[in-house]
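Being a predicted model, the structure only gives us computed values, none of them experimental. Whatever order the structure lists ligands and atoms in, that order sets their numbers, starting from 1.
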Amino acid sequence: MRNAEVARIFYELADLLELKGEDFFKVRAYRNAAKVLTSLADPVEELRKRGSLNKISGIGKKIAGKINEILSTGRLQKHQDLLCEISPGMLEIMSLPGIGPKRAKMIRESLNITSPEELAEAARAGRVRVLPGMGVKSEIDIIRNIEMQKNRSGRVLLVTAKELAGELTDYLNVLPGITVVEAGGSLRRWQETVGDIDLVVGAEDAEPVFEAMARHPRVKRIVEKGENLARFRTWWGIDVDLVVVPEELFFLALHKSTGSKAHSLRLQGLFSGKGMDLRPASNEEDIYASLGMPYIPPEIREDRGEIEFALKNNLPRLVDIGDIKGDLHVHTSWSDGRCSIEQVVARAKEKGYEYIAITDHSQSLKIARGLSLEKLKEQHREIQRFNEVYNEKLGGFKILTGIEVDILPKGGLDCPDEILEGIDVVIASVHRAFKQDRDTMTARIISAIENKNVDIIGHLTGRLIGKRDEYDLDVEKVLDAAAVCGTILEINSSPDRLDLNDVNARIAKSKGIKLAVNTDTHDLKRMGQMPYGVAVARRAWLEPGDVVNTLPVDKLLRYFRK
Ligand code: DGT
Ligand code: CA
Ligand code: CA
Ligand code: ZN
């Protein structure tokens, strides 16, 4: 029996025990044992023969006994018993993205739910959002993921695919014999949704890699297997293509896997005869250099002009996460966010930002606990006070006052102009009455664009990927208005929004519009999602000069006052 097979039993055992509510230390011990077994260089069978099972660090006497049982009988009775005891529906719930044993247990106990169908129903009825650690977003994710598993043909959000790919690469990385692992495909190009995960592995032998992968706890079964390529189906409903090549061919294989198909075909067409598939390369720069081109970043490998620009050596210098100096769309517990101003500021400083704008919701957005005008003034006094403290103590970090003001269904804004005038950052967004006809919606948004107090339009099209379409809107006309008025458009980094998307953001740039890449954070986790928005900006060919929150704070404020 292979190490990975034994490890999988321990992984499952840990999950099942956690689902039952078993002692945390026991659960952790089994999980650790599984990790140790996966990264072991020697076959565990050999170690047993040598009688040195309990000399492995991380494997105690009890676990050594269990390994013994598995190796002699091919199974572990305790594991089998638990599998019988726990309903298959609970196992499915547990293996949903973002759930896991702990949450599955909580869901069963607080909602009395034991199948994914029941869970989806509860999420639709709004009964999941009230559970600890859950929210409206988790409900949407649950519904989306359960639907995706049912009709497995669907695409998944990039953020979900990245989480799974991260787990799988971490797992493969420590396997003996594997020198390098990376994800290619649409995931590496940061496409907003992903059809399947493509992993590229550098190793001499493919077979042991396939075997180990087949034993990963997330993997359900092998779909097909060739000499150096295999396809796996995971419990999350996402398929994984795994390519194994000798180390010296790794970068060629990664480049090929990254695509896009259109980009690769164009390269092949242009350079057929140069034999680009044959030469080993020590990095991707060399591959492009051998074709007489500078390196083309994965995000723009879409055959949208990048090859022509590269041949003329005038590719844009794409904006990078390191260029971002602040986040201009942040919610706190003053409205529907989870954190205090202090908490988001502390995190912003950790990220190396120089400023942050606190933009809670305006008064009439009751579902998001919008701030009354009194509360808003109080918040701004509070921010004023913080800024004084910060200026003394923390070297110039700046908290900007802000608001995310609702664009009312009839046009106009949910906050008087004389108040907006005194606020540093005014974001205007549509949050309700999504079903208006095209002309009404277009005029409604343009009314906000034309208001001279509005700095930024938030999540312009209102789409939630895989959940809600964009509302009916003449985007071209809206962009023209924004260009005329000098209104900034947001790239919202929330992985289910990514709004503007790459295509619209590129059109915006071509019209001379400036963009702001914001997280629209409601909790600290989402504050970390800036890379998703930056990726959209990169896919839209944006340079630092196109993105206002790459500016230092004094220049930013001067820009807003214009
Ligand atoms: P996806 O999975 O639909 O989100 O998008 P990709 O781009 O990951 O596409 P996928 O998984 O079908 O294929 C992975 C890469 O393999 C793709 O980006 C480029 C390469 N590839 C696939 N089919 C072809 C092909 O027919 N010709 C060439 N040259 N490359 C291909
Ligand atoms: Ca793919
Ligand atoms: Ca694929
Ligand atoms: Zn917001």
Side-chain angles (χ1 to χ4, degrees), residues 136-137 153-158 160-162 164-165 168 182-200 223 229 231-232 234 238-243 252-272 276-277 298-299 301-303 327-332 334-338 344 357-362 365 367-371 402-407 414 425-432 456-460 462 464-466 490-494 496-497 499 516 518-523 526-527 529 533 539:
V136 178
K137 277 252 186 252
S153 56
R155 303 179 64 81
V156 299
L157 290 183
L158 177 62
T160 310
K162 268 189 169 294
L164 180 56
L168 297 175
E182 232 180 286
S186 50
L187 186 137
R188 183 159 178 249
R189 303 195 313 278
W190 289 79
Q191 202 170 283
E192 61 193 35
T193 63
V194 165
D196 66 10
I197 294 173
D198 302 279
L199 294 180
V200 185
V223 181
L229 176 87
R231 186 171 181 85
F232 301 84
T234 66
I238 307 173
D239 281 358
V240 179
D241 282 337
L242 181 62
V243 183
L252 270 184
L254 178 65
H255 181 262
K256 191 169 161 194
S257 157
T258 303
S260 66
K261 189 173 168 182
H263 176 88
S264 300
L265 290 177
R266 278 299 309 283
L267 284 183
Q268 273 165 17
L270 282 171
F271 299 99
S272 60
M276 65 170 285
D277 269 338
E299 293 93 327
R301 296 182 195 166
E302 297 289 351
D303 191 23
D327 194 341
L328 298 176
H329 189 163
V330 171
H331 296 275
T332 68
W334 283 73
S335 69
D336 62 345
R338 288 192 189 193
V344 293
I358 305 296
T359 56
D360 279 307
H361 292 286
S362 60
L365 203 62
I367 51 161
R369 296 205 312 264
L371 297 185
I403 185 170
E404 182 177 21
V405 59
D406 218 32
I407 305 177
D414 178 30
V425 180
V426 175
I427 303 177
S429 318
V430 167
H431 287 115
R432 57 208 159 103
I456 302 173
I457 301 291
H459 43 73
L460 180 71
L464 293 176
I465 302 171
E490 176 179 79
I491 293 176
N492 190 296
S493 305
S494 182
D496 64 345
R497 285 196 185 268
D499 185 8
N518 295 329
T519 63
D520 193 359
T521 197
H522 288 69
D523 54 49
R526 283 172 67 186
M527 254 183 108
Q529 290 176 334
R539 289 177 58 84

Without swapping roles, check the side chain of [X] against the backbone of [Y] for a donor-acceptor pair under 3.5 Å.
{"X": "His522", "Y": "Thr332", "answer": "no"}
{"X": "Thr359", "Y": "Gly402", "answer": "no"}
{"X": "Ser335", "Y": "Asp360", "answer": "no"}
{"X": "Arg266", "Y": "Asp303", "answer": "no"}
{"X": "Asp499", "Y": "Gly462", "answer": "yes"}
{"X": "Asp327", "Y": "Thr519", "answer": "yes"}
{"X": "Ser493", "Y": "Asn518", "answer": "yes"}
{"X": "Ser260", "Y": "Arg301", "answer": "yes"}

For [X], atoms of ligand 1 separated by under 4.0 Å from a heavy atom:
{"X": "Gly195", "value": "1 (P), 2 (O), 3 (O), 4 (O)"}
{"X": "Arg189", "value": "7 (O), 18 (O)"}
{"X": "Gly185", "value": "8 (O)"}
{"X": "Gly259", "value": "18 (O), 19 (C)"}
{"X": "Asp198", "value": "8 (O), 11 (O), 14 (C)"}
{"X": "Ser257", "value": "14 (C), 15 (C), 16 (O), 17 (C), 18 (O)"}

Closer than 2.8 Å to the Zn ion (ligand 4): how many protein N, O or S atoms are there? 4

Any N/O of [X] closer than 3.5 Å to an N/O of ligand 1?
{"X": "Ser264", "value": "no"}
{"X": "Ser186", "value": "yes"}
{"X": "Ser260", "value": "no"}
{"X": "Val194", "value": "no"}
{"X": "Asp196", "value": "yes"}

Side-chain ion pair, Asp198 and Arg188, N-O less than 4.0 Å: no

Do the side chains of Arg231 and Asp241 get close enough for a salt bridge, i.e. N-O under 4.0 angstrom? yes

Step by step, work out the side chain to side chain contact (heavy atoms under 4.5 Å, CB included) result for His361 and Arg369. CA-CA 7 Å; His361 292 286; Arg369 296 205 312 264; over 6 Å; no

Please verify whether a non-hydrogen atom of Thr258 lies at under 4.0 Å from ligand 1. yes

Any atom of ligand 1 sitting under 4.0 Å from a heavy atom of His263? no

Check each heavy atom of Lys256 against ligand 1 and say whether those closer than 4.0 Å belong to the side chain, the backbone, both or neither. backbone

Look up [atom] and tell me if a protein heavy atom lies less than 4.0 Å from it?
{"atom": "atom 21 (N) of ligand 1", "answer": "no"}
{"atom": "atom 12 (O) of ligand 1", "answer": "no"}
{"atom": "atom 9 (O) of ligand 1", "answer": "no"}

Does the side chain to side chain contact (heavy atoms under 4.5 Å, CB included) test come out yes or no for His329 and Ile456, once each step is laid out? CA-CA 10 Å; His329 189 163; Ile456 302 173; over 6 Å; no

Heavy-atom proximity to atom 25 (C) of ligand 1, picking from Arg155, Arg266, Arg301, Lys261, points to Lys261

Could you tell me if Ser429 and Glu404 have a donor-acceptor pair between their side chains, going purely by distance under 3.5 Å? yes

Mind checking how many protein N/O/S atoms fall short of 3.0 Å from the Ca ion (ligand 2)? 3

Under a 4.5 Å cut-off applied to non-hydrogen side-chain atoms, are Val194 and Lys162 in contact? no

Could you please spell out the steps behind the side chain to side chain contact (heavy atoms under 4.5 Å, CB included) verdict for Asp520 and Gln529? CA-CA 9 Å; Asp520 193 359; Gln529 290 176 334; over 6 Å; no

Take Thr258 and His263, measure what side chain to side chain contact (heavy atoms under 4.5 Å, CB included) needs, and give me the verdict at the end. CA-CA 9 Å; Thr258 303; His263 176 88; over 6 Å; no

Could you list the residues that satisfy ring pair (Phe, Tyr, Trp, His ring centres under 6.0 Å) with His459, not counting sequence neighbours? His431

Taking only residues two or more places apart in sequence, or in another chain, which ones meet Arg189 in a side-chain hydrogen bond (donor to acceptor under 3.5 Å, both in side chains)? Gln191, Glu302

